[in-house]
Amino acid sequence: MNANATAIPGTPPRVLVLGATGFIGRHVVRALIAGGMDVTRMRRAPPAAQANAVEREPITWKHLQLHTIHQPDAWREHLHGMDVVINCVGILRQRVGERYDDVHHRMPKALAAACAATGVRLIHTSALGLHEGAKSRFLSSKLKGEQAIQASGADHCIVRPSLIDGMGGFGASWLRMLASWPVHFVPRGATGRIAALQATDLGEAYAALARMPTLARQREANLGGERLFAYRHYLQVLRGVEHAEQPVAPAVQVLLPNWMSRVGAHLCDVFRFSPFSYGHWILLQRDNMPVPNALPQLLGRAPVPVTYRRTAVREDFRFS
């Protein structure tokens, strides 16, 4: 039981979402609110364009440089009154003042220790495919974060989604753009299978976890869709070759040698112009699928399949 909380049994949990403005965080917040939960969102200072709108909305915000909090005691005041904290914070690439180890390892480690001391349940966002010896600081820092949480004694669940599709996602938008091209340049070594899932389903899975009075039976939640794709096949599906009413012609796929794919990944990391990174290049060479897949059980239904969208309908996340 959370020593800081005074919740009446049977009432909706009070949830703190870290990284509430990110791609995953927005979908998580939307699902939590739809489920009637009391949500507090944490992010950096609000953008100037949204400041007035945020003030007009009955929304609870906390503003904090999350990657700088490396001591458990510094988290206590932010956890006060909360039943659950959901960590959706992550960075694709390092930037000034934000290092992989700070964001993916040291901050979650301190948060988990604080959760263990206060009785707050912790749901932490990680990734499938992490493994010892990966020559990527992005991947190795996430693995260290998982290990720190597992050793913390906190009532926790580590969520590992496969590839996520949905409106507003940086990587998802890029993949759909690439899929629309008549020629696909595909890394030859990208033979790992992925179990792509919808971001809306992912949000609902987090909401289901947040409602659990304890996470003792769900320490890990590997999540994905029910269909497995190779990367080159996934691009064709996004292109619309399997569209039931108006299928389009498959794209010509040019297989790139592995050395070129690796160099391209490093260049993308240097120039930051696409979501493709060296860490992703490593993951594409391995199966990225949930074993077992906890998504159907958490949803209470089959996951919504990832399909071609002829028209992009903008989702309104308001100020989340």
Next on the checklist: Apply side chain to side chain contact (heavy atoms under 4.5 Å, CB included) to residues C115 and L79 and explain how you reach the verdict.
Outcome noted: CA-CA 8 Å; C115 287; L79 298 180; 4.1 Å; yes
Checklist outcome for this item: By side-chain contact (heavy atoms from CB on, under 4.5 Å), S136 pairs with (sequence neighbours left out) F138, L139, Y278, I282
Item to check | Pair R99-D102, salt bridge (Lys or Arg N to Asp or Glu O under 4.0 Å): steps then yes or no | outcome: CA-CA 5 Å; R99 316 300 294 175; D102 290 334; over 6 Å; no
Checklist entry - When you measure from the side chain of H70 to the backbone N and O of A110, does any donor-acceptor pair fall under 3.5 Å? => result no
Item to check | Among N288, L284, T191, the one residue meeting side-chain contact (heavy atoms from CB on, under 4.5 Å) with Y231 | outcome: L284
Checklist entry - So, E242 and R227, do they make that salt bridge, N to O below 4.0 Å? => result yes
Next on the checklist: Whether E204 and R301 form a salt bridge (side-chain N of Lys/Arg under 4.0 Å from carboxylate O of Asp/Glu) is what I want to check.
Outcome noted: yes
Checklist entry - Distance-only, no hydrogens or angles: does the H184 side chain make a donor-acceptor pair with backbone N or O of V186 under 3.5 Å? => result no
Item to check | Aromatic centroids of F276 and H280 separated by under 6.0 Å | outcome: no
Next on the checklist: Tell me whether D155 is salt-bridged to R121, with the criterion being a basic N under 4.0 Å from an acidic carboxylate O.
Outcome noted: no
Checklist entry - For the atom pair CH2 (W281) and CG (N258), what is the distance rounded to the nearest 0.5 Å? => result 4.0 Å
Item to check | Same apolar cluster: L235 and M289, side chain cutoff 4.5 Å | outcome: no
Checklist entry - Would you find a donor on one side and an acceptor on the other, under 3.5 Å apart, between the side chain of R26 and the backbone of T21? => result yes
Checklist entry - Measuring from I24:CD1 to L202:CG, what's the distance to the nearest 0.5 Å? => result 5.5 Å
Next on the checklist: Using a 3.5 Å distance criterion without hydrogens, assess whether the side chain of R239 forms a donor-acceptor pair with backbone atoms of S180.
Outcome noted: yes
Next on the checklist: Between H131 (side chain only) and G129 (backbone N and O only), is there a donor and an acceptor less than 3.5 Å apart?
Outcome noted: yes
Checklist entry - Is there a donor-acceptor pair under 3.5 Å between the side chain of D201 and the backbone N or O of V304? => result yes
Next on the checklist: Please check: side-chain N/O of R93 versus main-chain N/O of R272, any donor-acceptor pairing under 3.5 Å?
Outcome noted: no
Checklist entry - Excluding sequence neighbours, so at least two apart, what forms side-chain contact (heavy atoms from CB on, under 4.5 Å) with S140? => result R137
Checklist entry - Can you check side chain to side chain contact (heavy atoms under 4.5 Å, CB included) on H105 and L143, steps first, answer last? => result CA-CA 8 Å; H105 173 213; L143 181 59; over 6 Å; no
Checklist outcome for this item: Tested for side-chain hydrogen bond (donor to acceptor under 3.5 Å, both in side chains) against S126, the lone hit among H104, E146, R160, K142 is E146
Checklist entry - Under the side chain to side chain contact (heavy atoms under 4.5 Å, CB included) criterion, do I123 and N87 qualify, and how do the steps go? => result CA-CA 6 Å; I123 302 172; N87 180 27; over 6 Å; no
Next on the checklist: Using modelled atom types and a 3.5 Å cut-off, is there a donor and acceptor pairing between side-chain atoms of Q218 and backbone atoms of L209?
Outcome noted: no
Next on the checklist: Side chains of C268 and S274, heavy atoms from C-beta outward: is any pair under 4.5 Å?
Outcome noted: yes
Checklist entry - Just wondering, more than 12 heavy atoms not from Q147 lying within 6.0 Å of its CD? => result yes
Checklist entry - Are any side-chain N or O atoms of Q198 and backbone N or O atoms of P305, one a donor and one an acceptor, separated by less than 3.5 Å? => result yes
Checklist entry - Looking only at atom types and distance, does a side-chain atom of T125 sit under 3.5 Å from a main-chain N or O of V159, one as donor and one as acceptor? => result no
